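Along the sequence shown, residues carry numbers from 1. All values derive from a computational prediction rather than experimental measurement. One-based numbering, in listed order, for ligands and for the atoms of each.
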Amino acid sequence: MLAEQFDAFLLDLDGVVYIGAELLPGAAEALGRLREAGKAIRFLTNDPRPTRSELAERLAGLGVEARADEVITCGWATAEFLRREGVRSVFVVGSAGLRAELEQAGIAVVDRERPEAVVVGADEHLGYLDILRASRLIHQGARFVAVNVDGAFPVPGGLAPATGAVVSAVQAATGRRPIVVGKPSLPMFELALASLPGRQRVVMVGDTPESDVLGAHQAGIPAILVAEEPPRYPTAGDFRNPDACIRTLLDLFEPGRSIRQWTRPSHPWPERVAPGVAAVVLDGDGRVLLVKRADNGRWGLPMGQVERGETVAEAVARELREEVGLEVRVLRLVGVYSEPASQVFVYPSGEAVQFVTCCLLCEISGGALRADDAEILDAAFFPPDALPDDLLSMHPRWLADALAGQTAAFVR
Ligand SMILES: [Mg+2]
């Protein structure tokens, strides 16, 4: 049975233990049995409104034993995250409970002064003026922190707008992207895992693939989905695919059930897939052009994104003109590369993008090599058998593919 396979259970609340004020069938019994078996329990909720203590009391009122330090709310996690980041003052779009958690962490909640960060949560009393104030402060330089980006949460009879709806309003007004603390982001899972003794077999149990399952998988732990049927994503490698599916928490004790092993891939889960280009440009001596990029400090082939309305040939020519001052002509396609292990990039904003990169062999048709673009630290031609050690991992293969199909006509 699933319960025997783990020492510690991270349990989502809404949709797993209760919905609104109603305990879900079998939840109290299942939680009691987990405790009897000596399992560690943490409740992980993206509800930013109550404090940990209030939630522990709510659970007790429903007949579920819970200590406040077993409850990990995204509000408390945000307060802990900001305290560790050294943030001392915040403006809060959210509930009294969220404010209380921040104040308990020693962070001043300010209304009139300029804060270091704006924390966006949600409650039923928010209005346009809260979004206006948050947006102005972010424009003035405050960090934009979201307790989570959930779109909706279950209530009896349907779904209600959740924090993500409020975050989206601030995001639309500012054009900025928030730092997200709650599920599926790592900080919340890291705090939960840090609260458990080491070497425990930990599993996440939740009802939302995009939040509970994705978050667990990003944190490197398996995930059990509470649902009538497993979700269907297009690919088996999708991080949102659960490792097991149950209908109620009591199914954790059903004999014969087991769980798929989750092996954490080396790449983060991308939010989107984008077209990219890379160039193999050879000089008259058969040396290859490499650039040292400012964002990662490593040498690599010139690369860039395809912009809207542009062909890959136009994109590669534009990138080389902008970055190193060379005019190039495309000779042929080397290959199309998309493997996530090397093609998922995380931008400084935190956004992870998987590139499908067309690598093109190019010849120089004009211009002169320079390296004064802000994104480029250096640019130089290297003999293919004497490349720099810190070359981006996939580029030796792309270069080998380019040279394998090389004819003398291309090396002038
Ligand atoms: Mg849930």
My understanding is that only one of Thr163, Thr208, Asn46 makes a side-chain hydrogen bond (donor to acceptor under 3.5 Å, both in side chains) with Asp150; could you say which? Asn46
Just give me the atom name: the N, O or S atom of Asp14 closest to the Mg ion (ligand 1). O
Which N/O/S atom belongs to Asp207 and is the closest one to the Mg ion (ligand 1)?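 Among the N, O or S atoms of Asp207, the one closest to the Mg ion (ligand 1) is OD1.
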Salt bridge or not for Lys292 and Glu375, using N-O below 4.0 Å?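 No.
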Does Asp12 bring an N, O or S atom to within less than 2.8 Å of the Mg ion (ligand 1)? yes
What are the two closest non-hydrogen atoms of Arg201 and Gln5, and how far apart are they?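 Taking every non-hydrogen atom into account, NH1-O, 3.2 Å.
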Please determine which of Glu116, Glu103, Glu113 meets the salt bridge (Lys or Arg N to Asp or Glu O under 4.0 Å) test together with Arg88.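 It is Glu116; the other options fail the test.
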